[in-house]
Amino acid sequence: MSCHYNQVMGFFYNNSGDDKWDKGQLILVQVVGSLFCCFILVSNAMVIAAVITNKRFHYPFYYLLANLAASDFLAGIAYVYLMFNTGEVSRQLTVKGYFIRQGLLDVSLSASLANLLVIALERNISVMNWKVHSNLTKRRVILLIVLVWAISILMGAVPSMGWNCLCNLSVCSQLAPIFSRSYLIFWSASNLVVFLVMVAIYMRIYTYVKRKTAVLTAHTSGSISRKRTPIKLIKTVMVVLGVFVICWTPGLVVLLLDGLDCKSCNVMKLKRPLLLLAVLNSGINPCIYSYKDEEMWTTIKNLLRCIGNGTRRQRSTKANRRDCKMILQHTGALLEELKGV
């Protein structure tokens with residue numbers, strides 16, 4: 001059985017299903033996509049900076065939220081790389097180049113999913129103890145973050161480590177022409193299972209909170225302040241999880257259908273709109289953090305104000321330096337004239 005390690009991607013596209021782009025359409029996608037990816041990068045960088053600079057965010061939940069923003073930041077980089085390595089360019093990619101392109105996407109998705117699972121477990125611990133924040137130490141949080149990225153990188157690297165169809169073209173998928181269909185089944189099915197696990201965890205949390213709130217309300221004269229309970233942070237995470245499931249489930253289902261070799265599903269037609277839906281997720285998350293958390297939005301506004309003030313000061317300093325230089329030049333010229341007199 002011969003292997004095709006030295007072939008360019010055009011060979012594999014011809015084997016599994018062509019991926020042609022109209023030139024005008026591709027330019028439009030690259031321009032609009034680049035602008036949106038800039039928003040993804042800047043907004044998620046601001047979330048990370050907000051968590052670092054504001055001491056009120058120095059708790060396990062917010063460290064994990066910053067790590068989720070880091071995975072969305074990586075997704076922004078992955079989408080830019082994908083956009084400028086698609087169309088005719090993608091047909092000229094080497095096998096290694098294609099593995100890098102797809103690996104970045106797989107790592108970012110795996111990191112987002114793993115982060116959401118870890119956040120779900122952290123929320124479960126805090127709620128069961130009826131605390132706003134869990135008792136996880138910084139050391140454990142760091143270990144969890146390292147574990148998230150280690151698993152994510154491994155998941156992204158699996159196809160390049162051998163689980164591919166370079167030596168057996170008959171098992172190649174349509175959507176990822178050098179990935180074997182069995183890998184797509186494993187990857188999409190495992191992610192969908194994790195979705196179900198997270199939904200089950202949050203259903204358990206929601207049921208417990210509802211029951212606990214009812215009991216506490218019955219024994220107090222007024223309603224419980226939501227700011228002093230874990231409810232507020234749970235709502236934020238549930239919205240993030242809901243958006244993530246909405247944006248990624250259709251794509252994972254299509255990947256699963258491709259893995260199952262569904263001939264009548266026409267998966268290639270669904271590829272681009274579903275990828276766009278996935279891209280939207282990384283830009284929506286920072287908006288959710290800011291909308292649902294007033295402290296986060298205030299911190300981001302203060303950071304933007306500081307950046308704006310710093311830029312103005314820098315311009316002012318440069319202008320002052322220019323003015324001083326001009327004054328010195330004029331003074332020098334005047335002295336020369338006086339010497340001549």
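Everything quoted here is computed from the prediction, not taken from an experiment.
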Same cluster or not: [X] versus [Y], using hydrophobic residues (I, L, V, M, F, W, Y) connected whenever any side-chain heavy atoms lie under 4.5 Å apart?
{"X": "Val29", "Y": "Leu41", "result": "no"}
{"X": "Val194", "Y": "Val199", "result": "no"}
{"X": "Tyr62", "Y": "Ile142", "result": "no"}

**Message:** Quick check for you: to the nearest 0.5 Å, what is the distance between Asn191 atom CG and Phe186 atom CZ?
**Reply:**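 The distance works out to 8.5 Å.
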**Item:** More than 12 heavy atoms from other groups under 6.0 Å of OH on Tyr206
**Value:**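 Not more than 12 within 6.0 Å, no.
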**Prompt:** Are more than 12 heavy atoms from other residues, nucleotides or ligands located less than 6.0 Å from atom OH of Tyr208?
**Reply:**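 Yes, OH of Tyr208 has more than 12 neighbouring heavy atoms, counting only those of other groups under 6.0 Å.
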Short side-chain to backbone donor-acceptor contact, [X] and [Y], under 3.5 Å:
{"X": "Ser108", "Y": "Leu74", "answer": "no"}
{"X": "Asp258", "Y": "Gln174", "answer": "yes"}
{"X": "Asn44", "Y": "Ile40", "answer": "yes"}
{"X": "Asn124", "Y": "Ala120", "answer": "no"}

Heavy atoms, side chains only, cut-off 4.5 Å: are [X] and [Y] in contact?
{"X": "Val47", "Y": "Phe73", "value": "no"}
{"X": "Leu117", "Y": "Leu113", "value": "no"}
{"X": "Leu252", "Y": "Trp187", "value": "yes"}
{"X": "Ile185", "Y": "Leu256", "value": "yes"}
{"X": "Phe99", "Y": "Leu93", "value": "no"}
{"X": "Met46", "Y": "Ser290", "value": "no"}
{"X": "Tyr63", "Y": "Leu136", "value": "no"}
{"X": "Tyr289", "Y": "Leu68", "value": "yes"}

Side chains of residues 275-286: which donor-acceptor pairs under 3.5 Å do they make with residues two or more places apart or in other chains?
unit_1, atom_1, unit_2, atom_2, d
Ser282, OG, Asp72, OD1, 3.3
Asn285, ND2, Asp72, OD2, 2.9

Heavy-atom closest pair, residues [X] and [Y]:
{"X": "Tyr79", "Y": "Cys37", "value": "CB-SG, 3.6 Å"}
{"X": "Val148", "Y": "Ala111", "value": "CG1-O, 3.9 Å"}
{"X": "Met9", "Y": "Thr94", "value": "CG-O, 4.1 Å"}
{"X": "Ile48", "Y": "Ala66", "value": "CG1-O, 3.7 Å"}
{"X": "Ser190", "Y": "Met155", "value": "OG-CE, 4.3 Å"}
{"X": "His58", "Y": "Ile52", "value": "NE2-O, 3.0 Å"}

**Request:** Apply the test side-chain contact (heavy atoms from CB on, under 4.5 Å) to residues Arg101 and Thr86: give CA-CA distance (whole Å), side-chain angles for both, the deciding distance (0.1 Å), then the verdict.
**Result:** CA-CA 10 Å; Arg101 193 188 85 168; Thr86 196; 4.2 Å; yes
**Any residue meeting side chain to side chain donor-acceptor pair (under 3.5 Å) with Ser182, in chain and number order, not counting sequence neighbours** =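 Testing Ser182 for side chain to side chain donor-acceptor pair (under 3.5 Å), a comparison that skips the adjacent residues, returns Trp163, Ser180.
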**Request:** Applying side chain to side chain donor-acceptor pair (under 3.5 Å), name anything that partners Asn266, two or more places apart in sequence or on another chain.
**Result:**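 For Asn266 there are no side chain to side chain donor-acceptor pair (under 3.5 Å) partners, ignoring immediate neighbours.
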**Prompt:** Side-chain donor-acceptor pair under 3.5 Å between Tyr98 and Asn164, yes or no?
**Reply:**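 On atom types as modelled, these side chains do not qualify, holding no pair under 3.5 Å.
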**Item:** Candidate pair Arg204 and Met128, rule side-chain contact (heavy atoms from CB on, under 4.5 Å), full reasoning
**Value:** CA-CA 10 Å; Arg204 180 173 183 264; Met128 293 306 149; 3.3 Å; yes
**Request:** Measure the acute angle between the ring planes of Phe179 and Tyr183, then classify it against the limits of 30° and 60° as parallel, tilted or perpendicular.
**Result:**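 Perpendicular.
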**Request:** Show your reasoning for whether side-chain contact (heavy atoms from CB on, under 4.5 Å) applies to Phe57 and Thr299.
**Result:** CA-CA 10 Å; Phe57 295 147; Thr299 306; 3.7 Å; yes
**Prompt:** Hey, mind stepping through Ser112 and Trp248 against side-chain contact (heavy atoms from CB on, under 4.5 Å) and telling me if it holds?
**Reply:** CA-CA 11 Å; Ser112 295; Trp248 278 101; over 6 Å; no
**Partner of Phe11 under side-chain contact (heavy atoms from CB on, under 4.5 Å), chosen from Asn6, Val95, Leu169** =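 Testing each of Asn6, Val95, Leu169 against Phe11, the sole residue satisfying side-chain contact (heavy atoms from CB on, under 4.5 Å) is Leu169.
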